[in-house]
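Shown next, in structure tokens, is the structure this report addresses.
The figures here come from the full heavy-atom set of this structure, side chains too, leaving out hydrogens, waters and symmetry mates.
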Amino acid sequence: MSGFGAAGAPPAPSIDGWKHLRTGKVRDLYTNESGEILLVASDRISAFDWVLPTTIPNKGAILTQLSLFWFELLADIVPNHIISDDVPASVADCAVIVQPLEMFAIECVARGYLTGSGLTEYKSNQAVCGNALPAGLLDGSQLPASIFTPATKAEIGDHDINIDFESAAKIVGADQAEELRDLTIRLYDTAADFSRSRGIILADTKFEFGINMAGEITLGDEALTPDSSRFWEADGWAPGKSQPSFDKQFVRDWLTSSGWDKKSTPPELPAEIVEKTAARYEQAFERITGSKF
């Protein structure tokens with residue numbers, strides 16, 4: 001069963017001049033006669049490997065516009081896949097035209113703080129993905145230095161699996177694994193410093209890279225959004241507790257407390273949860289970019 005449940009993925013909207021390629025958890029991909037990709041971010045939200053039945057207003061536009069902000073800010077570190085944001089009117093603000101990339105088969109994750117699956121592994125072996133860490137760290141503790149914690153890419157509805165660097169090197173090759181690790185840490189550290197200047201802690205984030213037609217490693221998918229990152233309120237940060245966040249942790253927490261078994265179709269989100277989640281995404285955009293959404 002896919003992450004969409006027994007009903008499967010929703011039908012993709014028809015867009016003149018573009019042929020639908022596939023539907024992901026959040027994005028719909030299209031192509032044109034030139035081989036370009038139209039990447040459309042929907043308002044869908046996923047959690048615990050499921051796409052939830054309730055959408056979050058303006059989420060797709062926020063993900064797209066925030067990614068564009070970061071792509072521009074980080075362009076001197078690595079090329080990105082953006083061709084244009086001049087897209088069909090029906091998907092204005094929530095879509096971009098991008099280069100096709102040959103994607104690497106790993107998720108490139110950087111962590112500067114200990115939480116989530118990293119905390120779970122740390123409790124068992126005092127390391128995360130082969131990165132040995134000091135004793136005594138708590139949920140939310142800042143790490144001595146940023147670490148690279150890659151993961152496998154799973155099909156929709158399956159779990160990504162955290163792996164160590166050696167395992168990543170076997171998948172993508174040793175030289176490219178080293179370059180991906182170095183790029184991931186540089187991007188994370190640069191973005192974390194910028195976020196901190198806006199009063200936000202970037203606890204961790206996920207990047208996806210591919211090879212473009214010129215043979216260059218290129219940053220693709222999305223960048224540093226509330227879907228791919230943990231953003232915490234700097235003023236409220238304190239290790240040893242759940243941190244006030246600007247990401248979908250709020251939805252995860254509600255789902256966990258709802259009694260849902262995480263195996264059957266997820267429940268609809270109450271209106272209050274939808275409203276508060278939409279507000280958190282909007283606040284993340286405005287705090288980071290300095291612009292009103």
Side-chain angles (χ1 to χ4, degrees), residues 26-27 39-47 55-82 85 87 92-96 98 107-113 115-116 140 142-143 146 183-209 218-238 242-253 274-293:
V26 173
R27 288 170 177 79
L39 193 62
V40 182
S42 73
D43 290 341
R44 297 189 294 269
I45 189 167
S46 66
T55 57
I56 305 298
N58 298 320
K59 178 174 174 284
I62 288 172
L63 296 185
T64 300
Q65 299 306 313
L66 187 54
S67 288
L68 284 169
F69 173 86
W70 285 114
F71 281 136
E72 182 177 355
L73 189 73
L74 301 170
D76 60 337
I77 296 176
V78 64
N80 61 67
H81 66 164
I82 299 296
D85 61 356
V87 299
D93 297 329
C94 61
V96 285
V98 303
E107 308 274 9
C108 292
V109 180
R111 302 173 192 264
Y113 293 76
T115 195
Q142 185 172 12
L143 303 179
S146 309
L183 282 172
T184 298
I185 296 299
R186 283 184 64 195
L187 290 168
Y188 171 79
D189 286 344
T190 303
D193 287 346
F194 182 88
S195 298
R196 194 65 188 244
S197 75
R198 301 300 174 95
I200 290 178
I201 290 172
L202 175 61
D204 54 41
T205 196
K206 176 195 75 173
F207 297 111
E208 295 200 35
F209 297 94
T218 303
L219 181 59
D221 195 54
E222 62 181 326
L224 296 147
T225 71
D227 268 16
S228 64
S229 315
R230 284 187 175 91
F231 292 121
W232 295 342
E233 176 66 71
D235 285 346
W237 170 70
S242 178
Q243 310 301 324
S245 70
F246 295 96
D247 50 52
K248 62 182 179 181
Q249 189 60 44
F250 185 71
V251 171
R252 295 189 193 101
D253 290 344
V274 172
E275 182 179 337
K276 289 182 176 179
T277 302
R280 278 162 168 74
Y281 274 67
E282 188 172 315
Q283 288 166 16
F285 175 88
E286 293 181 351
R287 289 277 293 275
I288 290 168
T289 67
S291 301
K292 289 290 290 181
F293 175 71

Practice task
Would you mind reporting whether Leu202 and Phe231 have side-chain heavy atoms less than 4.5 Å apart?
Solution key: yes
Fill in the blank from the handout: When rounded to the nearest 0.5 Å, the distance separating CD of Glu107 from OG of Ser228 is 10.0 Å
Practice task
To the nearest 0.5 angstrom, please state how far the CG atom of Leu183 sits from the CG atom of Leu219.
Solution key: 9.0 Å
Fill in the blank from the handout: One should read off an interatomic distance between Phe250 CZ and Ser242 OG, to the nearest 0.5 angstrom, of 11.0 Å
Problem - Heavy-atom donor-acceptor pair, Tyr188 side chain to Thr205 backbone, under 3.5 Å - result: no
Problem - OG1-CG distance between Thr289 and Leu73, expressed to the nearest 0.5 angstrom - result: 11.5 Å
Practice task
Verify, without hydrogens or angle tests, whether Tyr281 (side chain) and Pro57 (backbone) share a donor-acceptor contact under 3.5 angstrom.
Solution key: no
Practice task
May I have the step-by-step check of side-chain contact (heavy atoms from CB on, under 4.5 Å) for Asp221 and Phe207, ending in yes or no?
Solution key: CA-CA 8 Å; Asp221 195 54; Phe207 297 111; over 6 Å; no
Exercise for the section: Can you establish whether the number of heavy atoms outside Gln142 located under 6.0 Å from its atom CD is more than 12? Expected result: yes
Practice task
Classify the angle between the aromatic ring planes of Phe285 and Phe293 as parallel (below 30°), tilted (30 to 60°) or perpendicular (above 60°).
Solution key: perpendicular
Exercise for the section: Return yes if some donor-acceptor pair links the side-chain N/O of Ser67 with the main-chain N/O of Ala223 below 3.5 Å, else return no. Expected result: yes
Handout entry: Arg230/Asp247 salt bridge by N-O under 4.0 Å criterion
Key = no
Exercise for the section: Would you check if Asp235 and Pro244 make a side-chain contact, meaning some heavy-atom pair closer than 4.5 Å? Expected result: no
Problem - Heavy-atom donor-acceptor pair, Gln243 side chain to Ala238 backbone, under 3.5 Å - result: yes
Practice task
Report the C-alpha distance between Lys248 and Ser46 in whole Å, list the side-chain angles of each, state the deciding distance to 0.1 Å, and finish with yes or no for side-chain contact (heavy atoms from CB on, under 4.5 Å).
Solution key: CA-CA 9 Å; Lys248 62 182 179 181; Ser46 66; 3.3 Å; yes
Handout entry: Worked check of side-chain contact (heavy atoms from CB on, under 4.5 Å) between Glu208 and His81
Key = CA-CA 11 Å; Glu208 295 200 35; His81 66 164; over 6 Å; no
Practice task
Kindly say whether Arg44 contributes a backbone atom to a donor-acceptor pair with the side chain of Lys59 at under 3.5 angstrom?
Solution key: yes
